[in-house]
Amino acid sequence: MPSIAQSASMAFPFPPAVRKAMLVSFALLLVMQLQLILYPGSVLDSSHAEPLLPGQMDVCPWIGSISMFSNLNKFVHNKAVKMANPPPKMFKFFAFAKPMVVLVGSSAIKKVLSREFKKKDGGVSQYVDFGQGKYTEMMFGTESMSFETDESKKYHFLQKLVGQALTPQSVAKGMPFLQRASEEAVDKMLASDEVVTSEITHHLTLDVAWRQIIGLDLKDDQEIEDFHSAVEIWQKAITSNFFLAMIPIPAWLLKFTKEYKAKKYLTGLIDNKIDYLEKNGPDGSTMSAMVFAVDDDDQSKKLTRQQVIDNIFLLLAAGSETSSLTLTNAMLFLGMNPGVWEKLVAEQKDLVAKNGEDLTKTHMDNECPYLDAVVKETMRIIPISGGGIRSVKDTIVMDGVQIPKNWLAMYSISLTHEQDPKTWKADGSHMEINTGFKPERWLDDETRPNTEFIPWGAGHRFCLGHNLASAEMRTFLAVMARKVKNFDLVTDVDKIKWKEGVILTPKDGVVVNAHVNHQ
């Protein structure tokens, strides 16, 4: 009986070296086919000579990593530092059931985002195909700026008219309300021994939503509570209810969910308010400015009712939650750094002595550099989770590598902040909550972040609501610095557990005990 070696020789009548080369080639082919099966679309575009980016497709097959949703910024950080220190400006992994490239740094980000609305030669578009289509349509609407992905002219028309409601001048007119709402929120903090900051700031931003953004006239506590509850349920549907988003549930069945009912309730309020505005004229709210906005180039062109409604929901999704969570983190940093709080209090004391009690946007923009620095430093260390995602419509070749057609491209705000040469430290201490929070860096041209500070996004879709959000956050902290002498941070900094969301925050919401300023 022939041996195994002899049998192999008879089956493959080639010299040993040739047989070995053939087996290696077969193994490589098998590995490539296996990668295609487990990670669809993850191979290079053979029509281009450039290689793929660095990185590994080593997460959960077909879907991508599930763990990334618990802390997306930490996930991409860990992926990046495994490759080099400092990490590469572009790298790949598998996410959202597609191969994805992560972009780091303003240069790489601009090169990709500048291709938005291009029809060929490396064009990209806003990625909106997450989850099942009918759910997305029912929960988001399709007439907001976010969902205009193909036509540059239509997108910039929407951007221009929605933007008329969010100009610095419009925000300045709303400052008396922002101050009054902030004073009410701080008074609630002082009325209790211990409060959960996230509850206070969440209530504040929802009050801004119904009073200032939509301009509703809610009559009593029950109506206000109904509005708050509906927004919270709807926001969870778009930020954390992945089951509804991914499972192909029939539209008729979705209408029975509490998420859809909350959206329908809010739509009814907005619809009725538009009817009121059309009958009675402008009232100074953000939505009022949208309803009556006209195109400077063609006075007959205005936003449709559905465009107004869907863009109001966009502001609710992108604005109120991010401001609330950023303020929660700001309170954490201020509680950990009493010296910073003292400087904030002193700045506001000087401002009141000079200008009186009324806060104006001009005062905050020009006479509160330390207040501005605190907000920016908070957003530098803990920005929104992830970043903007684009779908690559045609293979992109840049910086000696290719990003193949049908891949996703996500720009990482946190990694861009982390790798900023102005702040970079090899040990990562510049991004740690215990060592990195230094508002003073914003007061000096030598240390102030510049092009690599992108908390509001980048490209065509730079956040239109940044003026309102910034004013809202600064007003709350300014009012608190006037009313609160100091506060105790009850949250145990050494045992913080984090909760993922639009922005990462401590799970306990940052518990504080504030003490009234009697001066």
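Position 1 is the first residue of the sequence, and the numbers go up from there.
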Can you check side chain to side chain contact (heavy atoms under 4.5 Å, CB included) on Met139 and Thr257, steps first, answer last? CA-CA 11 Å; Met139 291 301 173; Thr257 64; 4.1 Å; yes

Determine whether the aromatic ring centres of residues His430 and His417 are separated by less than 6.0 angstrom.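 Centroid separation for His417 and His430: 6.0 Å or greater.
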
Among Thr505, Val375, Leu477, exactly one meets side chain to side chain contact (heavy atoms under 4.5 Å, CB included) together with Leu327. Which residue is that?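 Only one option passes, and that is Leu477.
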
When Leu371 is tested against each of Met473, Arg474, Lys376, His363 for side chain to side chain contact (heavy atoms under 4.5 Å, CB included), which residue passes?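 Running side chain to side chain contact (heavy atoms under 4.5 Å, CB included) over Met473, Arg474, Lys376, His363 with Leu371 returns exactly one hit, Arg474.
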
Would you sort out whether Glu500 and Ser385 count as a side chain to side chain donor-acceptor pair (under 3.5 Å), showing the intermediate values? CA-CA 8 Å; Glu500 180 64 293; Ser385 297; 2.7 Å; yes

Gap between atom [atom2] of [Y] and atom [atom1] of [X] - 0.5 Å precision:
X: Ser170; Y: Leu468; atom1: OG; atom2: CG; result: 10.0 Å
X: Asn311; Y: Ser146; atom1: CG; atom2: OG; result: 8.0 Å
X: Phe487; Y: His515; atom1: CZ; atom2: NE2; result: 9.5 Å
X: Tyr265; Y: Ile270; atom1: OH; atom2: CD1; result: 11.0 Å
X: Leu504; Y: Asn73; atom1: CG; atom2: CG; result: 7.5 Å
X: Ser285; Y: Leu216; atom1: OG; atom2: CG; result: 8.5 Å

Just wondering, do [Y] and [X] contact through their side chains at under 4.5 Å, heavy atoms?
X: Lys160; Y: Lys301; result: no
X: Val162; Y: Met290; result: yes
X: Tyr155; Y: His460; result: yes
X: Lys258; Y: Lys236; result: no
X: Thr197; Y: Ile200; result: no
X: Lys483; Y: Asp187; result: yes
X: Leu332; Y: Ile496; result: yes
X: Glu452; Y: Thr423; result: no

Might you confirm whether atom [atom1] of [X] has over 12 heavy atoms from other residues, nucleotides or ligands at distances under 6.0 Å?
X: Asp193; atom1: CG; value: no
X: Asp221; atom1: CG; value: no
X: Lys422; atom1: NZ; value: yes
X: Phe177; atom1: CZ; value: yes

How close do [X] and [Y] get, counting heavy atoms only, and between which atoms?
X: Phe227; Y: Leu206; result: CE2-O, 3.7 Å
X: Arg461; Y: Phe117; result: NH2-CZ, 3.7 Å
X: Lys302; Y: Leu161; result: CA-CD2, 3.6 Å
X: Ser320; Y: Leu316; result: OG-O, 2.9 Å
X: Ser412; Y: Val76; result: OG-CG2, 4.0 Å
X: Ala373; Y: Leu443; result: CB-CD2, 4.3 Å

Criterion ring-ring contact (aromatic ring centres under 6.0 Å, His included) against Phe437, the qualifying member of Trp341, Phe333, Trp442: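 For Phe437, the ring-ring contact (aromatic ring centres under 6.0 Å, His included) test succeeds with only one of Trp341, Phe333, Trp442, which is Phe333.
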
Applying the ring-ring contact (aromatic ring centres under 6.0 Å, His included) test to Phe313, which of Phe140, Trp234, Phe147 qualifies?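 Only one of Phe140, Trp234, Phe147 forms a ring-ring contact (aromatic ring centres under 6.0 Å, His included) with Phe313, namely Trp234.
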
Is a side-chain donor or acceptor of [X] paired with a backbone partner of [Y] at a separation under 3.5 angstrom?
X: Gln179; Y: Leu359; answer: yes
X: Arg482; Y: Glu357; answer: yes
X: Ser470; Y: Asn467; answer: no
X: Asn71; Y: Lys74; answer: yes
X: Gln307; Y: Leu303; answer: no
X: Glu278; Y: Val291; answer: no
X: Thr416; Y: Gly105; answer: yes
X: Ser114; Y: Lys110; answer: yes
X: Ser182; Y: Leu178; answer: yes
X: Ser192; Y: Met189; answer: no

Taking it one step at a time, do Thr491 and Asp508 satisfy side chain to side chain donor-acceptor pair (under 3.5 Å)? CA-CA 7 Å; Thr491 292; Asp508 70 353; 2.7 Å; yes

For His466 and Trp456, take the angle between the two ring planes, folded into 0 to 90°, and tell me which bin it lands in: parallel under 30, tilted 30 to 60, perpendicular over 60.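 Tilted: the ring planes of His466 and Trp456 meet at 30° to 60°.
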
Pair [X] + [Y], salt bridge at N-O below 4.0 Å:
X: Glu183; Y: Arg180; value: no
X: Glu148; Y: Lys153; value: no
X: Asp275; Y: Lys273; value: no

Show your working on salt bridge (Lys or Arg N to Asp or Glu O under 4.0 Å) between Arg305 and Glu143 and close with a plain yes or no. CA-CA 10 Å; Arg305 177 176 287 244; Glu143 293 295 318; over 6 Å; no

I would like to know whether Val340 and Glu377 meet side chain to side chain contact (heavy atoms under 4.5 Å, CB included); could you show each step before the answer? CA-CA 12 Å; Val340 173; Glu377 186 69 349; over 6 Å; no

Apply side chain to side chain contact (heavy atoms under 4.5 Å, CB included) to the pair Val186 and Phe476, showing each step before the final yes or no. CA-CA 8 Å; Val186 174; Phe476 172 78; 3.9 Å; yes

Would Arg448 and Phe453 count as a cation-pi pair here, with the cationic atom under 6.0 angstrom from the ring centre and within 45° of the axis?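 Cation-pi check for Arg448 and Phe453: fails.
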
Candidate pair Asp310 and Gln306, rule side chain to side chain donor-acceptor pair (under 3.5 Å), full reasoning: CA-CA 6 Å; Asp310 288 357; Gln306 195 60 51; 2.9 Å; yes

Is there a side chain to side chain contact (heavy atoms under 4.5 Å, CB included) between Leu464 and Met145? Walk through the geometry before answering. CA-CA 10 Å; Leu464 269 184; Met145 292 181 293; 3.5 Å; yes

